[in-house]
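Only heavy atoms go into these numbers, but all of them, side chains included; no hydrogens, no water, no symmetry mates.
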Protein chains: 2
Amino acid sequence: MEAQSKPSPPAKDLPGEKAERIIEAMRQSVARRGVAGSTFDHVAREAGVSRGLLHYYFGTKERLLVEVVRREADLRFDALDRQLAEATDADAFLRLLQTSVDEMLRTDPTYVTLTFELFTLANRNEEVAEGFRDLMQRTRKHLADSLRAKEQEGVLHLTVDPESVADVLFSVGDGLTMRVLAEPDRDFGPAISAAIRSLRGLLDDA
Amino acid sequence: MEAQSKPSPPAKDLPGEKAERIIEAMRQSVARRGVAGSTFDHVAREAGVSRGLLHYYFGTKERLLVEVVRREADLRFDALDRQLAEATDADAFLRLLQTSVDEMLRTDPTYVTLTFELFTLANRNEEVAEGFRDLMQRTRKHLADSLRAKEQEGVLHLTVDPESVADVLFSVGDGLTMRVLAEPDRDFGPAISAAIRSLRGLLDDA
DNA sequence: TCTGTCTTTCTGGCCAGCCAGCCAGTAATC
DNA sequence: GATTACTGGCTGGCTGGCCAGAAAGACAGA
């Protein structure tokens, strides 16, 4: 995307730093308060701009949420790439996965909460649905590409196609994270171990 | 707290058939319109009662939603028991799982949509959070008990504790269902096969 | 450098619509 | 006649979107 090169009348791609602040404020607000609770009033205050500016940039709440989805995708790619870079065998790969999940849960479960918020909204809004679909597709493709690369390096030996592995991996990740968030006092160690044990069957035929 | 519990000291549980209709109407409405879109006006009309009756029985929207969660749990138990009853070995068990998931997706993905709706609401309402926690716990326990029974019958040979198996199984189920709903045109056959293949590692050490 | 004009960015008051909850009152039941 | 079951009009509060206009730049000419 082009930065704030010029103010284009038709499509205001990225008006600049204030738009960024708004999107990020909305993202955090949705994770904390939900879509319904994220009023323009709240978000504007947290972004340090006026309410009107949200309409000036994005028009409607839905379009702002689509931008939130887009940003979310970018953030996930960064996180994914950072995590997978250093794996040198299937065990290391799965260990990295586990620690990154642990860390995510301890520090900021925004991702998963936001995923579910956006999914529920997507059921009722085609614009958001399209964005969400794109988020799922791109995330899957991204991980699948990484898996393919790891396979060529000899780190992994996939027993099924990489896209399917990505689907299963993200699915069990989302589902478990939801459960951990729902029952924070329960020890999910055994469940996470079981998940990893079952995933190994897809990553390594050794 | 006990505003509407006057009529029957022994049990405020079931005011009757109208309350049932309200709960079921709310359940379906939440799955279709989301929590925010499920106004008392809509739900009352669909249940064939007046708006005021919803307040008369449940007081607040949250308390009505807690009843929805409770009902959801009951429905799930029925479905689970029906599905697992006839499995005679691990393969049959997993095949049953696959067909029941397929059928659920084709006919009525209410379950999963509702799960996510309630989860997002639970983030903001302690009453609902408690109900949701209970839903997760009871569902897990229920499947774990079935798994234990199947193990004693010699149908399955679990490689980890049944509760963890249940967690992983439901997690991957929820996550995949969400993805299927988000991308209805994509063929998830390979992904579902991959999921089942990975789950086999937990169900059968043969 | 100053000044005036035009454009873009940004503000916040306003409004119409919606909703949960309240409550006064009516119907049903005993 | 009294208690319980039920109704629906009302309201206060909130929200997204609109818009008139204020600030902030941009630019030209003197």
Please report, rounded to the nearest Å, how far the [atom2] atom of [N] is from the [atom1] atom of [X].
{"X": "A:His55", "N": "D:dA20", "atom1": "NE2", "atom2": "C1'", "result": "16 Å"}
{"X": "B:Leu54", "N": "C:dC22", "atom1": "CG", "atom2": "C1'", "result": "14 Å"}
{"X": "A:Leu65", "N": "D:dG17", "atom1": "CG", "atom2": "P", "result": "10 Å"}
{"X": "B:Phe58", "N": "C:dC22", "atom1": "CZ", "atom2": "P", "result": "16 Å"}
{"X": "A:Asn125", "N": "D:dG16", "atom1": "CG", "atom2": "P", "result": "14 Å"}
{"X": "A:Leu53", "N": "D:dA20", "atom1": "CG", "atom2": "C1'", "result": "16 Å"}

Please check if the side chain of [X] supplies one atom and the backbone of [Y] the other of a donor-acceptor pair under 3.5 Å.
{"X": "A:Arg21", "Y": "A:Ala47", "value": "yes"}
{"X": "B:Thr120", "Y": "B:Phe116", "value": "yes"}
{"X": "A:Ser29", "Y": "A:Ala25", "value": "no"}

- Message: If you take any heavy atom closer than 4.0 Å to DNA chain C, which residues from residues 35-51 of chain A end up in contact?
- Response: A:Val49, A:Ser50, A:Arg51

- Could you identify which residues of residues 24-33 of chain B place a heavy atom less than 4.0 Å from some atom of DNA chain C, listed by residue number, or say none? none

- Query: Is it the case that B:Asp161 and B:Ser164 place a side-chain donor and acceptor less than 3.5 Å from each other?
  - Reply: yes

- Message: Is there a side chain to side chain donor-acceptor pair (under 3.5 Å) between A:Thr115 and A:Arg76? Walk through the geometry before answering.
- Response: CA-CA 11 Å; A:Thr115 302; A:Arg76 289 192 190 190; 2.5 Å; yes

- Task: Answer yes or no for A:Arg186 and A:Phe188: cation-pi contact, defined as NZ/CZ to six-membered ring centre under 6.0 Å and angle to ring axis within 45°.
- Result: yes

- Query: Is any side-chain nitrogen or oxygen of B:Lys18 closer than 4.0 Å to OP1 or OP2 of D:dC6?
  - Reply: yes

- Are OP1 or OP2 of C:dC22 and a side-chain N or O of B:Tyr56 less than 4.0 angstrom apart? no

Salt bridge check: are [X] and [Y] linked by an N-O gap of less than 4.0 Å?
{"X": "B:Arg32", "Y": "B:Glu46", "answer": "yes"}
{"X": "A:Arg71", "Y": "A:Glu20", "answer": "yes"}
{"X": "B:Asp134", "Y": "B:Lys141", "answer": "no"}

